[in-house]
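Here is the structure we will look at, set down as structure tokens.
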Amino acid sequence: MSVFKNLPTPPAAPKKPVSDTLHGITRADDYAWLRADNWQAMFKDPSILDPDIRRHLEAENAYMNAAMEDTKPLQKVLFSEMRGRIKEDDSSVPVKDGAYAYGTSYVTGGEQPRYFRIPRDGDVADETIRTVLLDGDKEASGKAYFRLAGLDHTTDHSHGIWGYDDKGSEFFTLKVRDLSSGQDLDDVIENTGGGGVWAPDGKSFFYSALDENHRPSKVFHHIVGRPQSEDRLVYEEADAGFFMGVGGSLLDDFIYIDIHDHETSEYRLLSTKDLMAEPKLVAAREEGIEYSMTEGGDVFYILTNDGGAKDFKIMEAPVDKPGKENWREVVPHKPGTLIISHMAYARHLLWLERKDGLPQIMIRDRRTGEEHAIAFAEEAYSLGLSGAAEYDTDVIRFSYSSMTTPSQLYDYNMVTRERTLLKTQEVPSGHNPDDYVTRRVFAPAWDGEKVPVTLLYRKDTPLDGTAPCLLYGYGAYGITIPASFNTNCLSLADRGFVYAIAHIRGGKDKGFAWYEDGKMDKKTNSFKDFIAAADYLNQQKFTSYAKIIAEGGSAGGMLMGAVANMAPEKFAGIIAAVPFVDVLNTMLDDTLPLTPPEWPEWGNPIDSKEEYQQIAAYSPYDNVGAKAYPPILALGGLTDPRVTYWEPAKWVAKLRDKTTGAAPILLKTNMDAGHGGASGRFQRLEEIAFEYAFAIKVAGKM
């Protein structure tokens with residue numbers, strides 16, 4: 001029996017077919033009109049959205065509100081629970097850098113962080129020595145959306161660059177602040193990627209600029225006090241398939257220009273001894289070859305998959321001759337052990353690696369070559385390696401958590417191997433890890449592979465098939481979903497849910513090959529793995545098909561659309577946040593944000609008929625059919641540059657037209673935000689409470 005009753009008539013988007021023919025294949029798109037012709041300008045000024053499109057999105061929001069009206073009391077309870085698990089006046093443990101230590105904090109009721117500093121060895125609890133450098137709540141005042149991009153200080157600690165986005169479109173504005181007075185200078189840098197890198201003298205900085213398609217395509221050098229129009233173009237990447245980033249070294253000796261797509265990379269270096277020089281190429285890009293660099297004094301350490309090192313190895317090269325011909329292996333490739341990232345300090349080289357789905361931190365003494373590991377014993381856990389802000393140090397910082405263990409922050413002495421617990425995440429409303437169980441199980445896939453699934457549930461949850469389950473998945477870009485502590489999902493576990501994460505192919509959970517087996521022509525493995533996880537949880541009676549609510553966002557939203565088409569009967573409901581569901585149309589349009597850089601992940605259907613057909617065979621929007629779909633909640637953001645708002649809008653319109661069932665298809669468009677949803681920490685909790693309320697309602701647990 002449906003839990004959705006007495007609903008009004010849902011919006012029916014008019015059909016205005018637009019046809020196209022490519023590779024001899026003709027198809028029609030009934031809902032192409034939902035894409036605004038002026039979308040690029042609209043991202044920066046949402047008020048100019050076409051009135052017909054706005055009316056349709058608002059009608060969808062009204063229908064969604066009617067369907068979810070009875071969950072409003074539950075949403076308030078969920079929000080209260082989630083907020084109660086957050087220490088509202090929380091403060092980070094400051095990171096030492098020179099004469100100061102820098103950190104972030106929140107005030108009770110505050111949505112945005114504050115950036116502060118104290119004297120290097122000062123007591124963070126002593127408010128009299130704390131200087132607030134940037135108050136996010138003050139800067140966000142009066143704005144419907146506001147997201148900070150951080151604060152980067154000069155070497156002499158006198159000034160800082162800070163950035164913000166107040167549209168949700170991820171075009172960031174940079175400003176320069178005098179850290180002594182707290183006043184901003186006249187410098188205003190528009191349309192940036194969100195951060196900058198100071199030159200050592202603190203009189204200029206480097207930043208990446210976004211083009212009209214939202215691609216970081218240029219690096220500029222800005223001299224403080226001059227207008228943006230006078231900024232010097234340092235490097236421009238002409239290939240529309242590549243992104244750029246700019247960073248700096250701990251030693252202040254080089255500016256790194258990182259050029260990459262999803263499978264190929266290239267670095268150019270600019271010595272800070274000559275800021276006006278042309279950046280020098282390290283190793284020319286080769287398709288499928290990735291590398292990244294970090295400083296090591298007289299050498300660079302280079303993490304790369306060159307030479308068939310699928311799970312990566314670490315090389316070193318002289319700082320004055322970093323070309324590939326001078327690379328020498330220092331950490332060999334070990335198949336099945338993926339090196340995720342690396343850092344170097346005066347006396348130590350360290351890297352974060354993952355084997356069999358579990359991470360560990362490896363440390364090597366640069367003088368003796370002796371190695372040791374930082375690892376933990378839980379069945380599933382997460383590690384974060386933040387390192388240090390200073391090069392000449394023996395102390396680094398890392399974090400640890402699991403699905404049941406709140407995050408713990410440690411300082412670690414790489415010489416004495418002593419761990420110092422700095423902070424344990426507080427849960428003000430209370431949390432007893434012994435009340436919960438976390439497990440790592442393995443679901444057999446169609447081809448014999450074993451799909452890791454991380455589970456969290458209360459010890460008293462009956463495992464007889466009656467428990468509802470929220471099954472989360474992503475499976476793209478090599479991104480691994482960590483088995484980390486998440487206070488929000490406790491609201492589900494406390495209501496008898498099994499919370500599950502399916503570590504499907506397309507991520508690097510089991511090494512680089514796990515990623516390769518879930519992209520391009522093997523993309524459908526991601527979808528089959530997720531369905532296999534649902535099958536296993538049903539067979540083992542952790543839950544049942546009638547109780548599984550699937551959830552995924554962005555590329556995970558594509559996953560949701562695909563499994564809805566492939567196995568709608570195996571899911572009680574589906575939550576698709578900013579879902580990338582109109583895959584074929586998006587990959588056919590090279591004017592859209594991010595499309596050319598996405599071709600190595602999905603394929604280029606413009607140039608290749610084979611890749612056109614591969615994408616067409618699974619693209620969720622193109623494969624919506626006459627079948628009974630479960631209740632579906634799709635969420636979009638009007639100014640989202642990554643998954644444009646019309647993707648979920650078109651998908652919902654087609655689902656509603658095609659479904660043979662009576663389950664509601666809902667669309668919620670945030671008219672004031674983009675890809676990440678609301679920016680404030682409590683505003684974001686309201687969105688999660690809304691999604692969880694949908695899951696609880698669908699599961700019949702209200």
Side-chain angles (χ1 to χ4, degrees), residues 247 249-251 254 256 258 260 263-267 269 282-283 286 288-376 382-388 391-398 400 412-415 417 478 480 482 507-516:
S249 66
L250 290 180
L251 288 167
F254 286 97
Y256 300 117
D258 169 18
H260 61 277
E263 63 178 17
T264 302
S265 55
E266 177 179 283
Y267 268 69
L269 301 177
V282 176
E286 300 176 57
I289 302 300
E290 298 180 64
Y291 68 98
S292 60
M293 306 179 68
T294 194
E295 63 277 2
D298 57 345
V299 299
F300 285 113
Y301 288 105
I302 301 149
L303 177 63
T304 183
N305 64 347
D306 188 41
K310 183 173 291 189
D311 287 311
F312 288 78
K313 60 186 176 182
I314 300 177
M315 316 289 279
E316 71 174 17
V319 74
D320 56 343
K321 296 178 181 178
K324 186 185 286 190
E325 66 276 8
N326 297 315
W327 292 5
R328 184 182 69 84
E329 183 178 276
V330 291
V331 179
H333 174 237
K334 293 184 288 185
T337 301
L338 176 68
I339 303 179
I340 302 165
S341 62
H342 72 314
M343 299 175 178
Y345 298 93
R347 291 166 292 280
H348 297 88
L349 171 67
L350 53 155
W351 61 95
L352 180 64
E353 65 181 31
R354 183 182 299 110
K355 183 178 181 181
D356 296 328
L358 290 178
Q360 65 178 3
I361 297 167
M362 296 296 300
I363 297 171
R364 171 183 288 187
D365 188 309
R366 291 176 59 182
R367 298 158 296 187
T368 66
E370 184 180 3
E371 293 181 4
H372 68 277
I374 305 174
F376 290 81
S382 173
L383 283 180
L385 175 60
S386 52
Y391 180 74
D392 188 5
T393 184
D394 292 322
V395 178
I396 58 160
R397 189 165 290 180
F398 72 90
Y400 166 82
Y412 182 79
N413 189 304
M414 295 181 284
V415 176
R417 306 187 184 184
T480 298
K508 293 177 183 171
D509 306 69
K510 293 176 70 175
F512 198 85
W514 200 244
Y515 168 44
E516 289 185 315

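The structure presented is a predicted model; accordingly, all values stated were derived computationally and were not measured.
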Rounded at 0.5 Å granularity, tell me how far [atom1] in [X] sits from [atom2] in [Y].
| X | Y | atom1 | atom2 | value |
| --- | --- | --- | --- | --- |
| Glu266 | Glu286 | CD | CD | 10.0 Å |
| Arg417 | Ile374 | CZ | CD1 | 10.0 Å |
| Glu353 | Ile361 | CD | CD1 | 10.5 Å |
| Glu371 | His348 | CD | NE2 | 11.5 Å |
| Ile363 | Arg347 | CD1 | CZ | 13.0 Å |
| Thr294 | Leu250 | OG1 | CG | 6.5 Å |

Backbone N or O of [Y] within a donor-acceptor pair of the [X] side chain at under 3.5 Å?
| X | Y | value |
| --- | --- | --- |
| Asp509 | Thr480 | no |
| Asn305 | Gly288 | yes |
| Asp392 | Ala346 | no |
| Arg364 | Val330 | yes |
| Asn326 | Lys321 | yes |

- Mutual orientation of the aromatic rings belonging to Tyr412 and Phe398 [parallel < 30°, tilted 30-60°, perpendicular > 60°]: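 Answer is perpendicular, since the angle exceeds 60°.
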State, to 0.1 Å, how close [X] and [Y] come at their nearest heavy-atom pair, and which atoms those are.
| X | Y | answer |
| --- | --- | --- |
| Ala344 | Leu349 | CB-CD1, 4.3 Å |
| Asp306 | Thr304 | N-OG1, 3.0 Å |
| Gln360 | Ala373 | OE1-CB, 3.8 Å |
| Lys313 | Pro332 | CB-C, 3.9 Å |
| Pro318 | Phe300 | O-CD1, 4.4 Å |
| Met414 | Leu350 | SD-CD2, 4.0 Å |

If you define the side chain from C-beta out and look only at heavy atoms, does anything of [X] sit under 4.5 Å from [Y]?
| X | Y | result |
| --- | --- | --- |
| Leu352 | Pro359 | yes |
| Trp351 | Val331 | yes |
| Leu358 | Asp356 | no |
| Ile302 | Tyr267 | no |

- Message: Trp327: which residues meet the ring-ring contact (aromatic ring centres under 6.0 Å, His included) condition with it, sequence neighbours left out?
- Response: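 Tyr291.
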- Task: Go through the steps to decide whether Val299 and Val319 satisfy the test side-chain contact (heavy atoms from CB on, under 4.5 Å), and finish with yes or no.
- Result: CA-CA 4 Å; Val299 299; Val319 74; 5.8 Å; no
- Kindly check if the number of other-residue, nucleotide or ligand heavy atoms within 6.0 Å of NZ (Lys355) is above 12?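 Not buried by this count: 12 neighbours or fewer within 6.0 Å.
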- Item | Sequence neighbours excluded - side-chain hydrogen bond (donor to acceptor under 3.5 Å, both in side chains) pairs with any residue from residues 328-342 |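 Applying side-chain hydrogen bond (donor to acceptor under 3.5 Å, both in side chains) to every pair that reaches into residues 328-342, excluding sequence neighbours, yields Glu316-Arg328.
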- No-hydrogen, no-angle side-chain donor-acceptor test under 3.5 Å, Tyr515 and Glu263: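 There is no such pair (donor and acceptor under 3.5 Å, judged by atom type) between the side chains of Tyr515 and Glu263.
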